[in-house]
Amino acid sequence: MEQIKITFPDGKVKEYPKGVTPFEIAKSVSEGLAREVITAKVNGKTVETVTPINSDASIQLYTWESEEGKQVFWHSSAHILAQTLEFFYPGIKLTIGPAIENGFYYDVDLGEKNISESDFKKIEEKFLEFARQKAEFKIKSVSKSDALNLYNEQQNEFKIELIENLTDGEITFCDHSNFTDLCRGGHLPNTGFVKAVKITNVAGAYWRGNEKNKQLTRVYGISFPKQKMLEEYLLLLEEAKKRDHRKLGKELELFTFSQKVGQGLPLWLPKGAALRERLENFMRNAQKKAGYVSVVTPHIGSKELYVTSGHYEKYGADSFQPIHTPDENEEFLLKPMNCPHHCEIFNSSPKSYKDLPLRLAEFGTVYRYEQSGELHGLTRVRGFTQDDAHIFCRNDQVEDEFKKVIDLVLYVFSALGFNDYTAQISLRDKENREKYIGTDENWEKAEQAIINAAHDKGLKTEVEFGEAAFYGPKLDFMVKDALGRKWQLGTIQVDYNLPERFNLEYTGSDNQKHRPVMIHRAPFGSMERFVAVLIEHCGGNFPLWLSNEQAVLLPISEKFNEKAQELLNLLNNYDIRGLVDNRNEKIGKKIRDAELKKVPYMLIVGEKEAETNTLAVRKHGKGDMGVLTVEEFATMIKKEIKEHTN
RNA sequence: GCCGAUGUAGCUCAGUGGUAGAGCACUUCCUUGGUAAGGAAGAGGUCACGGGUUCAAGUCCCGUCAUUGGCUCCA
């Protein structure tokens with residue numbers, strides 16, 4: 001029999017008979033791999049494990065453990081979901097069912113029917129029943145006309161639209177059991193691989209994501225090859241729920257909302273404000289060291305300011321509407337951005353090249369009219385404060401300044417325990433130029449500067465085309481929190497446009513006028529969003545240096561209240577924040593309450609401690625740490641605070 | 001903005017058409033204690049708001065507002 005050469009990812013080459021399948025190749029490696037192999041890439045193309053290989057090829061085998069494996073697993077699960085939905089709701093129109101980051105969904109047109117959460121259980125049960133049939137996924141080619149005929153019969157205008165955009169000869173259907181769906185392929189060997197499923201959500205979604213199109217019903221689910229994995233996933237969801245910043249924000253009395261004030265307008269309570277102030281001071285110090293100067297600008301600006309900046313043209317209709325003055329025909333806008341104000345500060349006096357880079361920083365509060373459906377806790381609000389700064393520099397300084405900003409962002413992340421992050425570089429969509437302001441030449445320069453800086457700093461990067469702001473490309477930091485969820489925090493953006501619009505100039509060493517470049521940057525992003533992410537990351541257990549109460553003193557009985565206050569005064573002299581819990585409660589109750597409030601240290605003062613000026617130290621979540629003198633304790637936690645470790 | 005769900009005491013929630021409930025928190029009293037809830041009593045609600053059906057509505061219907069899960073959007 002004819003032999004072909006198969007190249008493995010590690011570069012090894014082995015010979016197999018022509019027509020060998022990825023499954024057989026896996027089997028030749030090990031039985032275990034054969035059992036677990038889900039999908040394969042042959043010459044970089046995703047195929048079923050039963051697809052014969054007829055010529056020399058490179059191969060990559062994937063199990064559940066890989067991203068590729070999960071995607072195929074979930075995509076296949078979407079087929080089973082569609083089969084299940086069709087079973088319960090005959091006559092529905094299937095549309096698309098992709099795998100997503102955590103699971104999959106299927107969009108269907110239910111017509112008059114609807115699905116509610118009470119239906120999830122029966123869907124899950126039937127789904128698993130179908131899965132247990134171990135039906136093979138079979139890919140078959142169909143001609144365009146046959147495909148169109150099938151969906152014409154079913155009057156499924158969605159599939160017809162999809163097929164019309166496909167090339168005849170490249171159209172495939174996937175069958176399993178007696179269920180057929182239009183599909184380009186990449187499936188599990190059979191449905192039996194799916195051992196556990198959870199329907200997670202049902203929601204409306206527009207056909208092709210366009211709000212002018214018909215709204216479909218989207219059913220979300222997640223599936224696993226083992227029941228235990230589902231249980232672990234559900235536990236993770238539970239944990240995420242416990243850490244939800246909206247819940248903890250309420251419990252720890254950090255912030256609140258009021259209908260009377262307005263939706264999306266957070267009210268910071270004393271404890272939240274204290275936390276936020278500490279973060280701001282931390283940033284102010286870091287910025288001072290990095291050569292920034294502070295400025296302050298008002299919350300409103302004349303409409304002309306934003307006409308000049310271009311924001312009015314771009315967002316005016318979707319913003320809070322202008323404020324009118326009573327006498328004159330003047331219009332002001334709540335500021336949606338700080339940069340136009342900062343441009344005018346730059347313009348307030350002539351600048352020399354010796355003045356650059358000029359780094360203007362402000363905790364500037366801005367207001368944006370976000371759609372009501374998008375508001376969410378502190379992460380998406382209508383009024384928020386950016387830790388904003390604008391760097392005005394020469395062209396030849398851009399890359400260097402960009403790198404300095406990256407250093408600052410990384411310093412901030414490390415101080416707050418965010419150690420897992422990637423940099424997302426957002427470039428323009430070159431096909432869609434009318435979306436952007438500015439010349440091609442400037443965009444080119446800006447994009448290159450970002451890529452170079454990120455590369456030089458050794459950042460893990462992902463490039464996204466079409467995600468740039470309308471005025472320039474940007475680099476966003478995506479951090480992973482303690483539960484592995486991704487959040488967008490700090491942002492750095494190069495801007496060649498505002499300097500032109502505001503006619504910013506400096507005098508160069510050649511005594512000629514030059515245009516500076518602007519860099520917008522916000523390491524936290526916004527205080528609101530950052531605090532929300534921080535709460536969820538640490539589950540409300542803030543790093544010691546940020547905690548409102550670093551220690552609470554717990555007198556054993558009211559007899560020791562005075563002594564506890566005396567010891568607290570000593571700790572205050574070391575700049576340690578704390579309180580005395582002088583309520584008429586037993587020690588067990590006081591400890592319980594302090595634990596629930598997530599106070600880092602509990603210091604118990606009873607007869608023994610009172611006599612010797614000592615503290616019985618108990619650490620949050622850890623328990624008894626023994627007895628220390630006030631000085632020993634103060635030294636220990638001062639060290640912890642200084643190191644910015646927990 | 002669109003589709004769905006939800007809205008009862010400060011918080012978490014129960015209450016399927018017949019006079020508003022529990023636990024925690026709060027107030028007062030008793031208790032003075034050694035590492036996650038000591039005991040008793042009390043106070044606290046136009047059941048989101050506005051209409052409707054009914055002898056009777058927290059409960060059923062309609063509308064509004066807010067919250068929430070998605071979609072769309074995100075300077």
Side-chain angles (χ1 to χ4, degrees), chain A residues 100 105 107 110 114-118 200-220 244 246-247 250-251 253 256-264 306 309-316 318-319 335-340 366-377 379-382 386 388 437 467-472 474 488 491 493 495 497-498 520 522 529 554-561 583-597 602-609 616-627:
Chain A
I100 52 177
Y105 66 79
D107 281 352
L110 285 172
N114 59 56
I115 297 177
S116 78
E117 281 179 35
S118 53
T200 48
N201 200 3
V202 58
Y206 301 108
W207 169 240
R208 306 212 128 178
N210 186 332
E211 61 185 309
K212 293 195 180 79
N213 287 342
K214 181 155 190 189
Q215 185 143 20
L216 308 170
T217 301
R218 176 169 297 180
V219 181
Y220 285 87
D244 191 317
R246 293 166 299 181
K247 179 179 141 78
K250 200 181 272 182
E251 280 173 12
E253 298 170 32
T256 189
F257 290 89
S258 150
Q259 284 193 31
K260 273 217 177 92
V261 173
Q263 50 176 165
Y306 296 100
S309 72
H311 292 107
Y312 188 78
E313 184 198 344
K314 190 86 185 166
Y315 294 102
D318 300 321
S319 296
K335 73 174 170 189
M337 295 280 281
N338 301 302
C339 31
V366 297
Y367 300 89
R368 299 178 184 176
Y369 186 79
E370 305 290 358
Q371 292 188 21
S372 63
E374 191 53 47
L375 300 172
H376 179 93
T379 60
R380 197 72 193 272
V381 288
R382 286 180 172 166
Q386 298 176 309
D388 210 359
I437 295 178
E467 289 293 309
F470 75 88
Y471 53 74
K474 58 180 182 174
Q488 188 211 306
T491 178
Q493 313 181 353
D495 187 346
N497 294 300
L498 280 185
H520 310 243
R529 187 178 172 78
L554 310 178
I556 291 286
S557 79
E558 287 180 341
K559 278 189 278 188
F560 308 104
N561 281 356
R583 295 175 302 163
N584 177 6
E585 295 289 353
K586 290 171 85 164
I587 193 67
K589 171 73 167 164
K590 290 182 184 179
I591 286 171
R592 179 180 155 81
D593 288 347
E595 289 279 359
L596 290 176
K597 276 163 72 186
M602 286 149 275
L603 308 172
I604 293 153
V605 181
E607 195 171 352
K608 284 177 277 178
E609 291 78 15
V617 180
R618 180 188 163 103
K619 190 168 184 169
H620 169 67
K622 299 255 162 48
D624 201 346
M625 294 180 69
V627 175

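Note that these values count all heavy atoms, side chains included, but never hydrogens, waters or copies made by symmetry. Note on naming: letters A, B, ... go to the chains in the order of the sequence lines (proteins, then strands), and numbering restarts at 1 for each one. Given the structure is predicted, the values throughout are model-derived calculations rather than measurements.
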Side chain of [X], heavy atoms from C-beta onward: which of [options] has the nearest atom to it?
X	options	value
A/I556	B/A36, B/C71, B/G34	B/G34
A/K586	B/G38, B/A36, B/C74	B/G38
A/I587	B/U32, B/G34, B/C74	B/G34
A/K589	B/C74, B/G1, B/G38	B/G38
A/L596	B/U35, B/G1, B/A36	B/A36
A/K250	B/C2, B/C11, B/G34	B/C11
A/A203	B/G70, B/A25, B/G34	B/G70
A/E585	B/U72, B/G38, B/C65	B/G38
A/K559	B/U32, B/C73, B/U12	B/U32
A/A616	B/A36, B/G1, B/G34	B/G34

Does [X] reach the side chain of [Y], with side-chain heavy atoms less than 4.5 Å apart?
X	Y	value
A/V617	A/L603	yes
A/P336	A/Y306	yes
A/E607	A/K559	no

Nucleotide [N], atom [atom2] - distance to [atom1] of [X] in whole Å:
X	N	atom1	atom2	value
A/L603	B/G34	CG	C1'	14 Å
A/R382	B/C74	CZ	P	16 Å
A/D107	B/G70	CG	P	14 Å
A/Q215	B/G4	CD	C1'	9 Å

NA contact type, [X], heavy-atom cut-off 4.0 Å: base, sugar-phosphate, or nothing?
X	answer
A/G588	sugar-phosphate
A/S319	base
A/G626	nothing
A/R618	base
A/H520	nothing

Worksheet item: Which whole number of Å gives the distance between the C1' atom of B/C47 and that of B/A57?
Response: 11 Å
Worksheet item: If you measure from the P atom in B/G42 to the same atom in B/G23, how many Å do you get, rounded?
Response: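 So the two P atoms sit 13 Å from each other.
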Under 3.5 Å donor-acceptor pair, [X] side-chain atoms to [N] base atoms:
X	N	value
A/R380	B/C74	yes
A/E253	B/G10	no
A/Y206	B/G70	no

Worksheet item: Around A/K597, counting heavy atoms of other residues, nucleotides and ligands shown, do more than 12 lie under 6.0 Å from its NZ?
Response: no
Discussion item. Counting only heavy atoms not in A/E251 (residues, nucleotides, ligands), do more than 12 fall under 6.0 Å from its CD?
Written reply: yes
Please check the phosphate of [N] (OP1 and OP2 only) for any side-chain N or O of [X] closer than 4.0 Å.
X	N	result
A/Q263	B/C65	no
A/K260	B/C65	no
A/R246	B/U68	yes
A/Y220	B/C71	yes

Fill in: Pairing string, 5' to 3', for RNA chain B - Watson-Crick or wobble contacts under 3.5 Å, brackets [ ] where pairs cross, | to another strand
(((((((..((((....[..)))).(((((.......))))).....(((((..]....))))))))))))....
Worksheet item: Listed by chain and number, what are the ring-ring contact (aromatic ring centres under 6.0 Å, His included) partners of A/Y471, not counting sequence neighbours?
Response: A/H520
Worksheet item: Cation over ring, A/R382 on A/Y367, under 6.0 Å and within 45°?
Response: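 No, A/R382 and A/Y367 do not form such a contact.
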Worksheet, complete the sentence: For A/R380, the side chain to side chain contact (heavy atoms under 4.5 Å, CB included) test, sequence neighbours excluded, returns A/E370, A/E374, A/H376
Worksheet item: Closer to the 5' end of RNA chain B via nearest nucleotide, is it A/V605 or A/T217?
Response: A/T217
Worksheet item: A/P336 or A/Q259: which one's nearest nucleotide on RNA chain B is closer to the 5' end?
Response: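 So the residue in question is A/Q259.
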Discussion item. As an exercise, state the distance from CD1 of A/I591 to CD1 of A/I604, rounded to the nearest 0.5 Å.
Written reply: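 A/I591 atom CD1 to A/I604 atom CD1 measures 4.0 Å (nearest 0.5 Å).
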